[in-house]
Amino acid sequence: MIKIAVCGAAGRMGQRIINSVIEAEGVQLSGALERPGHPMTGQDVGLVAGCGALGVNISDDLNAVIAGCDVLIDFTAPKVSLKNLEACALKKKSIVIGSTGFTPEERELAVELAREIPAVLAPNMSVGVNVCLKALKDVAKTLGDDFDVEIVELHHNKKKDSPSGTAVRMGEVVAEALGRDYNKVANYHREGICGERTKEEIGMQTVRGGDIIGEHTVYFIGMGERIEISHRAMTRDMFSRGSVRAAKWVVGKEPGLYDMQDVLGLK
């Protein structure tokens, strides 16, 4: 049995991951972690997550939780995730990170820390989204420079980073397929007399409101025709199930930073 611990266990995503862990075969929940001073500390995480008492209490002791697991699942924030990645590296434990909003420098640090342990870092753990990423690469290569590319993403009003990590990854995949540098061609803002659209730019548009879990559409717009590749999340369970699938996959792998394309065998 693979022992899984969950960071941010009392949060919306953490609770869904707890449920997915106990529903999955071949794994067991070994620990539940929250920040120091969290009001849920000491409570049975199963009762917090609505799945009944599990005999695993929420802890704020990072080292103790990591020591008792084979792999830590972390959906928090980049700075917290990097701290947890470093702690896992010291104890030679695997980690799955679903946090978004990493800067290029933070991602480089993640790569460096993952030289010691196997780690999965992916902005979206959904199987469907990762199939979309593979499709986007193929479509972009086929269409080439004759189609303009625009990406629109929608999320709930509590989301802190913008654009979403998934939208950025979609942009990176398309840019790479077209031989462009995403950081140079991504256009996040248009207002006033901003001039004609360039052929190279990839427009990135963001919508925030209500309780939208996550929607992404990539538009390939040509003369007289348009292709749209969309993904809509109906529930957070697809992310939590994907994270458990990644946790089962990463244990025992060679050290290095992997993503969901590796997990799903799509590369």
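We're numbering straight along the sequence, starting at 1. Everything numeric in this text was worked out from a predicted model, so none of it was measured.
Tyr188 OH to Ile151 CD1: the interatomic distance, rounded to the nearest 0.5 Å, is 9.5 Å. Taking CD1 of Ile18 as the reference point, atom SG of Cys51 lies at 7.0 Å (rounded to 0.5 Å). Met204 contributes atom CE, which lies 9.5 Å from atom CD of Glu150 (distance to the nearest 0.5 angstrom). Separating the CG atom in Leu113 from the CG atom in Leu85 is a distance of 4.5 Å, to the nearest 0.5 Å. Distance check: Gln261 CD to Lys267 NZ gives 7.0 Å after rounding to the nearest 0.5 Å. Going from atom CE of Met260 over to atom OG of Ser243 covers 8.5 Å, rounded to the nearest 0.5 Å.
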Steps toward side-chain contact (heavy atoms from CB on, under 4.5 Å) verdict (Phe102, Leu109) | CA-CA 10 Å; Phe102 285 87; Leu109 178 56; over 6 Å; no

Would you sort out whether Thr142 and Val139 count as a side-chain contact (heavy atoms from CB on, under 4.5 Å), showing the intermediate values?
-> CA-CA 5 Å; Thr142 301; Val139 170; 5.8 Å; no

Could you walk me through whether Val96 and Met125 pass the side-chain contact (heavy atoms from CB on, under 4.5 Å) check?
-> CA-CA 10 Å; Val96 171; Met125 300 283 176; 3.3 Å; yes

Would Val71 and Trp249 satisfy side-chain contact (heavy atoms from CB on, under 4.5 Å), going step by step from the backbone distance to the final call?
-> CA-CA 10 Å; Val71 55; Trp249 178 89; over 6 Å; no

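Contact annotation: the side chain of Asp145 approaches that of Arg180 to within less than 4.5 Å [non-hydrogen atoms, C-beta and beyond]. With a 4.5 Å cut-off on side-chain heavy atoms, His216 and Met170 count as touching. Annotation: side chain of Met13 is in contact with side chain of Ser240 (closest heavy-atom distance under 4.5 Å). A 4.5 Å side-chain heavy-atom check between Val263 and Val250 finds every atom pair outside the cut-off. In this structure, Leu143 and Ile227 have side chains that are in contact, with non-hydrogen atoms separated by less than 4.5 Å.
Evaluation of the side-chain hydrogen bond (donor to acceptor under 3.5 Å, both in side chains) test over residues 1-18, restricted to residues two or more places apart or in two chains, returns Arg16-Asp237.
Salt bridge absent: Glu172 and Arg107 never bring a charged side-chain N and a carboxylate O closer than 4.0 Å. With salt bridges taken as basic N to acidic carboxylate O contacts below 4.0 Å, none links Lys83 and Asp74. For Glu176 and Lys137, the salt-bridge test fails: no basic side-chain N is under 4.0 Å from an acidic carboxylate O. Here Glu153 does not pair with Lys159 in a salt bridge; the nearest charged N to carboxylate O distance is not below 4.0 Å. The residues Lys199 and Asp148 are annotated as salt-bridged, a charged nitrogen and a carboxylate oxygen being separated by less than 4.0 angstrom.
Taking every heavy atom of both residues into account, Ser230 and Thr217 meet most closely at OG-OG1, 2.7 Å. The shortest heavy-atom contact between Arg115 and Pro255 is O-CB, 3.4 Å.
Hydrophobic cluster membership for Tyr219: Val152, Leu154, Val207, Ile212, Ile221 (Ile, Leu, Val, Met, Phe, Trp, Tyr linked by side-chain heavy atoms under 4.5 Å, directly or transitively).
The neighbour count for Met1 CE, taken as heavy atoms of other residues, nucleotides or ligands under 6.0 Å away, is above 12.
Judged purely by atom type and a 3.5 angstrom limit, Glu225 has no side-chain atom pairing as donor or acceptor with the backbone of Gly222. Without hydrogens or angle criteria, Lys79 side chain to Glu106 main chain gives no donor-acceptor distance under 3.5 Å.
For the 3.5 Å distance criterion, the side chains of Thr41 and Asp60 fail to qualify, holding no donor opposite an acceptor.
Under the 4.5 Å side-chain heavy-atom criterion for grouping Ile, Leu, Val, Met, Phe, Trp and Tyr, Leu33 is not connected to Val45 through any hydrophobic cluster.
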